[in-house]
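Each chain gets a letter, A, B and so on, in the order the sequences are listed, and its residues count up from 1.
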2 protein chains.
Amino acid sequence: MGKAWTPTSAADGVEQALKILEGKWKLVILFHLFGGNLLRFSELERAIPAITQKMLIQQLRQMESDGVVRRIVHHQVPPKVEYGLTDWGQALCPALDALLKWADLRQERRSGD
Amino acid sequence: MGKAWTPTSAADGVEQALKILEGKWKLVILFHLFGGNLLRFSELERAIPAITQKMLIQQLRQMESDGVVRRIVHHQVPPKVEYGLTDWGQALCPALDALLKWADLRQERRSGD
DNA sequence: CAGGATCCCCGGCGATACTG
DNA sequence: CAGTATCGCCGGGGATCCTG
């Protein structure tokens with residue numbers, strides 16, 4: 001809180017955190033889990049048609065081990081697994097929200113131009 | 001503003017915007033340009049030692065053509081070029097800031113664990 | 001339904017050398 | 001100083017088939 005802002009010191013810590021979000025799909029997935037949404041594997045698949053099963057499970061697993069995503073297993077005869085954000089993942093919401101607003105600005109920009 | 005929030009419709013626009021930030025270096029570079037900083041090519045090189053000239057110029061060019069970064073050329077005998085954010089790039093600041101705060105949470109998390 | 005295992009491609013990225 | 005040009009790796013990512 002009382003830290004002096006220098007681009008280099010900040011970027012140092014940030015670069016580590018950014019690696020967690022690196023990859024083509026991480027942020028896209030997070031946006032779908034945004035707002036406390038619990039989604040099943042198949043729901044995520046349908047929500048992101050362009051992703052393959054392999055990439056979906058791979059990215060989910062990575063984010064899980066990074067502590068961003070949590071996996072909720074319901075032991076049922078037809079297996080049911082839901083994915084959601086951890087508390088720390090929820091802490092990303094302000095950032096995701098700001099990104100969302102920024103994306104909207106782009107839309108206006110393009111239609112207004 | 002009056003738009004109904006649905007993950008899918010939002011993610012649709014977001015995915016486009018995310019492409020602009022995709023890549024290993026984009027966000028790192030943006031963090032250095034954060035706050036209206038004007039940095040020279042060589043300054044960016046030193047600020048991000050791990051990046052190569054090729055990647056630096058490539059990412060800068062892409063962001064420039066995406067309207068996020070602006071390039072200021074000073075016609076001098078020793079060439080001098082500065083890079084900064086465009087207005088639209090500045091609009092990313094809240095998002096970058098939120099990301100920064102999130103990165104800090106991670107630090108605390110790790111030291112507290 | 002939710003994932004694992006495999007094979008393979010392509011392009012992001014790195015290293016090095018050169019130029020205005 | 002601020003880039004270009006070229007070559008090549010290697011791993012992220014895609015497609016497809018298989019299993020508990």
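Going from atom NZ of A/K19 over to atom P of D/dG12 covers 12 Å, rounded to whole Å. Rounded to an integer number of Å, the gap from CD of A/E22 to P of D/dG12 is 10 Å. Across the protein-nucleic acid pair, B/E82 atom CD and D/dG3 atom P stand 12 Å apart, rounded to whole Å. Going from atom CH2 of A/W25 over to atom C1' of D/dG13 covers 9 Å, rounded to whole Å. Rounded to whole angstrom, the span from the CD1 atom of B/I57 across to the P atom of D/dC1 amounts to 15 Å. As a whole-Å value, the separation of A/Q59 CD from C/dG4 P is 14 Å. Rounded to whole Å, atom P of D/dA2 lies 12 Å from atom CD1 of B/I72. As rounded to whole Å, 10 Å separates atom P of D/dG3 from atom CD of B/E45.
Close to D/dT4, at under 4.0 Å from its OP1 or OP2, lies a side-chain N or O of B/R61. Considering only side-chain N and O atoms, B/R71 lies nowhere under 4.0 angstrom from the phosphate OP1 or OP2 of D/dA2. In this structure, B/R40 does not reach the D/dC1 phosphate: none of its side-chain N or O atoms is under 4.0 Å from OP1 or OP2. Note on B/S42: every side-chain N or O is 4.0 Å or more away from OP1 and OP2 of D/dC1. In terms of phosphate contacts, A/K24 brings no side-chain nitrogen or oxygen within less than 4.0 Å of OP1 or OP2 of C/dG12. Proximity of B/Y83 to the phosphate of D/dG3: a side-chain N or O atom is located under 4.0 Å from OP1 or OP2. Contact between the side-chain N/O atoms of B/T52 and the OP1/OP2 oxygens of C/dC13 is not found at any separation under 4.0 Å.
Side-chain contact between A/Q58 and A/R61 is absent, with no heavy-atom pair separated by less than 4.5 Å. Under the 4.5 Å side-chain criterion, counting only non-hydrogen atoms from C-beta, B/L96 is in contact with B/F31. Looking at A/T86 and A/V69, their side chains never come closer than 4.5 Å, going by heavy atoms from C-beta outward. Under the 4.5 Å side-chain criterion, counting only non-hydrogen atoms from C-beta, A/F34 is in contact with A/D97. Contact annotation: the side chain of B/R71 never approaches that of B/L60 to less than 4.5 Å [non-hydrogen atoms, C-beta and beyond].
Residue A/V81 places its side chain closer to C/dA2 than to any other of C/dA2, C/dC13, D/dG3. Side chain of A/M55, nearest nucleotide from D/dG13, D/dG3, C/dC13: D/dG13.
Donor-acceptor pairing under 3.5 Å, judged by distance alone, is absent between the side chain of A/K54 and the base of C/dG3.
For the pair A/P79 and A/I51, both in contact range of DNA chain D, the more 5′-proximal nearest nucleotide belongs to A/I51.
No engagement by A/P78 is indicated, since no non-hydrogen atom pair under 4.0 Å with the nucleic acid exists.
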